[in-house]
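So that the names make sense, note that chain A is the first sequence line, chain B the second, and so on, each numbered from 1. Note that the structure is predicted; figures quoted are calculated from it, not measured.
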Amino acid sequence: MSEQKRLFLVDAYALIFRGYYAFIKNPRINSKGLDTSAIMGFMNSLLDVIKRERPDHLAVCFDKGGSVDRVEMFSEYKANRDATPEAIKIAVPYICEILKAMHIPIMVKEGYEADDVIGTLAKKAEIEGYKTFMVTPDKDFAQLVSDNIFMYRPVFGGGYETWGIPEVQKKFEVERPEQVIDFLGMMGDSSDNIPGLPGVGEKTAKKFLAAYGSMENLLANTHELKGKMREKVEASKELGMLSKQLATIMLDVPVEFDEKDFEMSEPDIEAVTHLFQELEFRRLIDNFLKTFTSEDTAASNELSDASKADNTPKTTAKEQISAGSGQFSLFGGEPSSVSKLETVSEYTRKTAETSSHFYQSVASGMATKLFIKNLMNQTSVCFDTETTGLNPLTAELVGIAFSWEVGKGFYLPFPENKDAAQELIEQLRSFFEAEHIEKIGQNLKYDIKVLRKYNIKVKGKLFDTMLAHYLINPDMRHNMDVLAETYLNYTPISITELIGKKGKNQLSMRDVPLEKQTEYAVEDTDITLQLKEHFTKELSEANTQKLFDEIEIPLLRVLADMELEGINLDTEFLNSLSVELNNDIANLEKKIYEAAGEEFNIASPKQMGIILFEKLKLIDKPKKTKTGQYATGEDILSYLAKDHEIIRNILDYRGLAKLKSTYVDALPLQVEPSTGRVHTDYMQTVAATGRLSSNNPNLQNIPIRTERGRQVRKAFIPRNEDYTLLAADYSQIELRIIAALSEEENMIQAFNNGEDIHASTASKVFNVPLNEVTREQRSNAKTVNFGIIYGVSAFGLSNQTDLSRTEAKELIDTYYTTYPKLRNYISKQIDFARDHGYVQTVLGRRRYLKDINSRNAVVRGAAERNAINAPIQGSAADIIKIAMINIHNKLVTNNYKTKMLLQVHDELVFDVYKPELETIKTLVKTEMEKAFKLKVPLDVDLDVGDNWLEAH
DNA sequence: CACATGTGCAA
DNA sequence: TATTGCACATGTG
């Protein structure tokens with residue numbers, strides 16, 4: 001390399017946005033409630049660039065006031081952008097201050113975009129003999145690439161790629177980088193709202209460029225094009241030229257390139273550290289100090305690259321096992337041993353600091369029996385099963401990892417031979433079934449289900465880190481990688497690193513070399529063990545220990561049983577339903593095509609919108625979705641249904657197509673061949689309110705409201721003729737909870753009297769005797785009752801009913817006059833949330849509401865609705881969870897043949913052994929009604945039938 | 001093949 | 001401009 005001077009120009013907003021969205025699932029919020037995601041993301045990238053490249057000249061470029069020229073050319077330019085997120089607006093002043101303290105120049109010119117500033121500076125620097133690197137992910141910059149100007153582009157998953165002329169040529173299939181402008185002009189750019197040529201996407205644009213070289217040349221030769229494409233392009237010549245102009249980065253921004261202004265100099269370390277401290281960026285301080293004080297960073301880069309190369313010969317687990325099955329391998333050993341262990345030794349050092357346990361080497365090749373003897377002496381052990389797949393019904397054990405001391409662990413590989421594997425697991429039976437040994441794990445439901453297939457029941461106290469974290473902060477994600485990063489500041493080996501992305505080439509865990517299996521599996525148990533320490537403390541600080549030990553942990557075993565049990569499905573019935581639907585759908589399709597005058601894809605909202613609103617012009621001012629398409633949702637179309645047969649047919653078509661694809665055809669495919677039943681997976685840590693969710697398949701949204709839809713329920717049947725289905729559901733549990741918590745006497749009375757609550761509400765609100773309430777009145781009252789639970793507005797209510805906005809508002813006012821304490825309760829909840837930052841359920845399940853004091857009314861409003869809804873929905877979830885645990889206990893201890901199969905938020909479904917029916921009916925009703933004592937009685941309806949529809 | 005979008009099913 | 005979810009088909013990269 002020459003000694004050519006190097007200038008780095010950073011596209012600030014691009015990196016800020018990128019940083020912000022990188023944290024979107026788990027925003028970084030500091031103790032003052034400030035969302036620091038954008039600042040942290042940006043600073044991480046900036047330091048990363050400095051550390052890697054050691055630029056001698058550097059500047060950060062911002063936009064200010066948007067591009068005056070482009071908006072003048074095209075008023076819609078960037079008009080489709082969502083409002084900048086609050087966290088980013090807040091971030092900018094902080095970032096500027098940090099840059100000042102770092103003595104890094106900030107370049108900004110009112111009325112110009114950063115692109116233009118960067119472009120102009122890069123060209124000027126080129127004249128001065130610089131090599132310029134434009135630090136941005138934005139591909140538009142490719143147009144500026146030359147022999148001396150490069151893109152330095154962060155890539156997903158870390159690292160950077162440098163785009164010079166060859167890269168741009170390859171990427172865009174152009175000869176010269178300037179042609180990128182033509183390329184963008186032709187295909188448009190939806191993020192900047194550059195229109196482009198209609199019907200031209202990436203593929204066509206590349207084709208045109210290869211043939212014509214430029215937009216101008218294409219437009220001059222449109223006669224060579226064919227058919228529809230010719231028409232469209234010829235009609236859009238102006239649009240094409242405009243698009244090209246919009247995509248062109250300007251090179252005449254009035255800024256000077258004075259090289260000494262751009263020279264890197266020593267940062268004001270104290271000022272930067274102070275700012276980082278204020279923002280609570282502990283890791284960044286370390287990172288910053290390392291970047292600016294360490295002598296040789298290039299060396300460490302080489303090391304990290306070099307460590308990626310893995311030249312160790314691969315020994316597969318299979319080979320190891322055949323060499324001596326039943327041996328376990330060790331995680332650990334002296335760090336001096338092999339270079340490959342470098343990452344491991346570093347990791348152990350880190351944990352050693354906080355745990356006082358140091359890395360220990362243990363003799364390898366210890367006999368399994370000796371290991372188990374050791375295991376049985378522990379009081380608390382973390383374990384994790386490694387298996388051949390994700391389906392616990394078919395997954396085979398590949399190995400099990402164990403840890404009981406931080407920084408140490410063991411891995412026991414399993415033989416592929418089934419008898420041999422069973423023999424090995426038998427040796428561990430005493431451990432898993434030991435009541436006195438606490439078992440720790442991450443997502444134990446999975447491990448418990450896998451082991452159950454080997455006829456092993458996991459007994460003793462449990463601690464599940466995923467469940468613990470769910471109670472600590474239900475709104476976050478709870479996978480182990482995130483938890484390790486958040487709480488231990490450590491990035492574990494990812495499963496993708498081990499077995500690759502899913503697809504044809506994905507490996508099975510069995511194909512991973514034993515050494516890697518060990519490292520990965522034991523790392524997980526080690527981390528889980530450490531997380532437990534954290535979470536135990538946090539659970540007790542939040543007063544949720546009891547909820548954890550008495551609800552979520554016991555429920556985990558209940559759910560494991562329900563999932564393993566599965567439910568019987570009448571697939572023949574569904575298949576015949578599918579044939580019927582097919583006929584009806586085909587008939588509707590024909591009618592719709594006739595009315596539309598052409599064939600199109602009815603399932604495509606895009607095509608449908610164009611047909612309805614451009615071709616048939618059914619409305620003057622069609623509503624559009626946020627992406628600019630016509631909205632064709634049910635709520636919109638149903639207004640038009642009475643005037644247009646095509647709309648009625650479309651609505652019918654959609655209903656039937658949905659039914660067929662989502663339920664009738666999909667469910668039979670979900671029958672597990674090994675059991676002949678459908679096994680859903682209940683997610684215990686997904687819903688922020690404490691509810692369960694159901695997946696693969698979702699059995700919590702089986703249709704019931706329409707006649708056609710509810711037929712699907714006929715397919716859910718008892719296991720055989722000796723059994724019948726029992727459905728038990730809480731009547732109005734959420735309204736009972738809000739009545740009880742608010743102590744609203746008028747509503748409590750109605751429940752005490754066993755009245756129909758919606759009719760009762762209607763009678764009070766519309767001031768008519770109970771027996772004279774009309775259907776419409778009851779229906780409106782019902783809507784308000786539900787609306788209250790969700791935090792309704794007059795607008796929302798009028799949307800859901802036939803009422804006008806004014807009428808809706810009046811109704812809400814009268815409602816609150818009728819139930820005055822309800823309004824009180826609502827404001828008390830909001831106040832509580834403002835003061836404490838969270839709300840809670842009857843069992844103390846918390847939901848944190850960081851936006852409750854936001855200055856943005858929309859954001860705050862959403863938080864306020866959550867403050868009302870979360871305790872209600874969550875308390876209902878708490879209550880049914882108690883009932884499930886108690887019912888399950890009784891079913892098991894009394895050896896009933898009856899099994900609990902499904903939970904649908906306020907309903908439980910059982911496969912009842914007919915001779916037990918009367919006993920079970922009483923048992924279920926009693927346990928559900930006494931699960932939690934409120935100031936309002938709980939009421940449970942029971943129904944029995946030979947399928948799920950009859951049981952309603 | 002992965003992801004976003006629009007739509008629609010349940011409590 | 002109503003809460004919590006999951007999943008389908010289409011369209012795009």
Query - Close residues, residues 687-703 of chain A, relative to DNA chain C [heavy-atom separation under 4.0 Å] - result: A687(A), A688(A), T689(A), R691(A), S693(A), S694(A), N695(A), N696(A), N698(A), N701(A)
Report task. Using a heavy-atom cut-off of under 4.0 Å over every strand shown, decide if V792(A) touches base, sugar-phosphate, or nothing. Result -> base
Query raised in the report: If you count the non-hydrogen atoms of other residues, nucleotides and ligands that lie under 6.0 Å from CG in D802(A), is the total more than 12?
Result: no
Query raised in the report: If you look at every strand shown and take non-hydrogen atoms under 4.0 Å, does T706(A) touch a base, only sugar-phosphate, or nothing?
Result: nothing
Query raised in the report: Taking protein heavy atoms under 4.0 Å as touching, what does nucleotides 2-7 of chain B look like 5' to 3' if B marks base contact, S marks sugar-phosphate-only contact and - marks none?
Result: S--SSS
Report task. Would you state whether a donor and an acceptor, one from the side chain of Q873(A) and one from the base of dT3(C), lie under 3.5 Å apart? Result -> yes
Query raised in the report: Does Q607(A) place a side-chain N or O at less than 4.0 Å from the phosphate oxygens OP1/OP2 of dG11(C)?
Result: yes
Query raised in the report: How is N866(A) classified with respect to the nucleic acid when contacts are heavy atoms under 4.0 Å: base, sugar-phosphate, or nothing?
Result: sugar-phosphate
Query raised in the report: Base, sugar-phosphate alone, or nothing: which one does R847(A) contact when heavy atoms must sit under 4.0 Å apart?
Result: sugar-phosphate
Query raised in the report: Which nucleotide in the set dA10(B), dC8(C), dT4(C) lies at the smallest distance from any side-chain heavy atom of I704(A)?
Result: dA10(B)
Query raised in the report: Heavy atom of residues 802-810 of chain A under 4.0 Å from DNA chain C: which residues?
Result: none
Requested in this report: Answer yes or no: is there a side-chain heavy-atom contact under 4.5 Å between L574(A) and L569(A)?
Outcome: yes
